[in-house]
Amino acid sequence: MLLTISTTYRPATDLGYLLHKNPGRFQSFPLPFGRADVFYPVADVDRCTAALLLEIDPVGLVRPKTGAYNSAGWLQQYVNDRPYVASSHLSVAIASVFNSALAGNSRERPELAQQPIPLEAQLPTLPSREGPELIDKLFEPLGYSVEIREHPLDAGFPEWGASPCFGVGLKGVVRLRDLLAHLYVLLPVLDDAKHYWVGDDEVDKLLRFGAGWLSDHPHQALISTRYLKRQRSLVLQALDRLSDDGQVAPDVAAERGQHDEERLETPLRLGEQRMQAVLTALREVGATRVLDLGCGEGNLLRELLKEPAFRAITGVDVSHRALETAHARLRLDNLPAAQRERIALLQGSLTYQDQRLAGFDAAVAMEVIEHIDPDRLEAFESTVFGAAQPGAVVITTPNSEYNCLFENLPPGEFRHRDHRFEWTREQFQDWAQAVADRRAYDVRFHGIGSEHPEYGAPTQMGVFTQ
Ligand code: SAH
């Protein structure tokens with residue numbers, strides 16, 4: 001596997017100072033999975049090319065450190081493409097062989113290290129199973145002119161078609177550190193190999209090497225998703241941190257709007273409007289201790305945390321996974337102690353009585369009741385209104401009359417696969433009024449989202465007070 005980096009900056013041999021590798025010497029570096037050699041096929045004043053040749057030991061890669069060869073499929077592990085394609089191994093080699101350059105340091109040419117210069121990278125075998133378009137999509141927004149050469153899968157058998165690996169040239173006027181960081185992040189994104197572990201520190205790595213470019217990249221969600229091996233909680237964490245400046249790339253919205261309901265409702269910004277309506281209701285009842293029942297991945301919790309008036313916030317959900325994601329997205333592990341103490345996440349079902357839910361001023365069940373089987377609603381009622389008995393309860397649920405206005409929703413279908421029912425305004429109001437009467441609460445109804453003269457608003461909300 002070969003990577004060459006060339007410059008026509010004059011004197012071009014300054015590339016040696018930037019890479020901390022003397023053009024006159026051939027150097028070898030041992031790596032955990034093989035060996036990297038650095039040499040300069042060309043080193044003139046007008047043009048200088050550094051080559052990083054990575055020799056991967058495919059047997060060493062899969063040889064168990066101890067014990068016998070007992071893993072299934074070991075033959076497949078021997079016969080793999082790892083030695084030939086540019087992948088995360090090349091990223092690791094870049095980071096270890098060119099680490100000062102990647103950090104933007106150069107003892108002899110510190111200013112040049114911070115200066116965009118004409119650079120060209122050549123990668124003879126860059127994998128992209130989705131075809132060449134993805135390579136363009138990733139590198140063009142970074143200002144490179146991208147040249148892609150297709151290879152036949154096997155030159156002797158043209159009928160086998162094209163190889164999923166491409167010869168790629170990237171040309172641009174960029175800082176060397178940026179070129180190396182782009183390659184470091186994007187090589188594993190293109191390779192998209194599934195089988196290696198990513199831990200929490202991969203998010204930090206992604207953001208460190210993505211600093212200054214990833215938050216503006218139109219495909220930051222795709223990049224983060226594939227770099228982090230599709231581990232949803234890590235991806236959401238990365239995307240949240242990338243959008244901390246308030247900007248959200250178009251594909252981030254798509255990534256978040258994964259399920260049908262969000263896709264249908266996103267154009268109305270309904271999620272946002274719902275959250276604002278709920279927050280307004282909570283402020284109006286003067287709540288300070290708030291329960292978010294069925295908190296899911298923590299959308300509302302995040303808004304609640306922003307308002308100091310909500311002194312104690314507890315999210316409850318039956319889904320352990322959703323709570324894990326909420327924990328990661330809210331970065332609970334990194335909150336200052338005073339903030340951390342304001343919030344708790346509990347796993348539990350709303351259809352079973354739970355002592356931990358007592359003693360709150362207000363409880364919210366935002367888009368939750370429709371996930372509960374109708375014959376369990378009575379149990380929900382006695383858990384929330386009977387046992388927990390918060391001062392106020394805010395419930396939102398879809399208004400099914402509005403469904404015929406969603407172009408992409410076939411008649412008779414629910415907005416989400418997990419919905420057990422969706423109610424008309426009359427159905428919701430009948431149920432809510434009966435609950436209020438039984439439990440000695442008052443209830444008022446509001447529409448959320450733009451009101452249709454006949455079908456009403458897309459979401460309906462009931463605010464119960466004692
Ligand atoms: N309130 C959140 C999530 C709505 S999705 C929001 O508006 O963004 C519905 C959530 O209710 C899911 O997270 C689901 O796990 C949770 N849920 C469904 N049935 C539940 C039950 N019986 N007890 C607790 N949570 C439940």
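We count ligands from 1, going down the list as the structure has it; atoms in each ligand are counted the same way.
With sequence neighbours excluded, the residues that form a side chain to side chain contact (heavy atoms under 4.5 Å, CB included) with Ser400 are Asn403, Glu422, Thr424. Applying the side chain to side chain contact (heavy atoms under 4.5 Å, CB included) rule to Thr314 yields the partners Leu291, Val316, Ala344, Leu346, Phe360; only residues at least two apart in sequence or on another chain are considered.
The distance criterion of under 3.5 Å between nitrogen or oxygen atoms is met by Asp317 with respect to ligand 1. Ligand 1 has an N or O atom lying under 3.5 Å from an N or O atom of Met366, backbone or side chain.
Relative ring orientation between Phe380 and Phe385 is described as perpendicular, the plane-to-plane angle rising above 60° on a 0-90° scale split at 30° and 60°.
Close approach to Ser319 involves these atoms of ligand 1, each under 4.0 Å from a residue heavy atom: 15 (O). Set against the non-hydrogen atoms of Asn299, the atoms of ligand 1 under 4.0 Å away are 8 (O).
A distance-only check finds a donor-acceptor pair linking the side chain of Asn399 to the backbone of Ala457 [under 3.5 Å].
Residue Gly348 places a heavy atom less than 4.0 Å from ligand 1.
Salt bridge absent: Arg321 and Glu324 never bring a charged side-chain N and a carboxylate O closer than 4.0 Å. Salt-bridge formation is detected for the pair Asp373/Arg420: a Lys NZ or Arg NE/NH1/NH2 atom is positioned less than 4.0 Å from an Asp or Glu carboxylate oxygen.
When the heavy-atom distances from atom 21 (C) of ligand 1 to Val364, Leu350, Val368 are ranked, the shortest goes to Leu350. With distances taken over non-hydrogen atoms, the option nearest atom 9 (C) of ligand 1 out of His416, Arg376, Glu367, Glu297 is Glu367.
Contacts with ligand 1 closer than 4.0 Å are made by backbone heavy atoms (N, CA, C, O) of Cys295 only, the side chain lying farther away.
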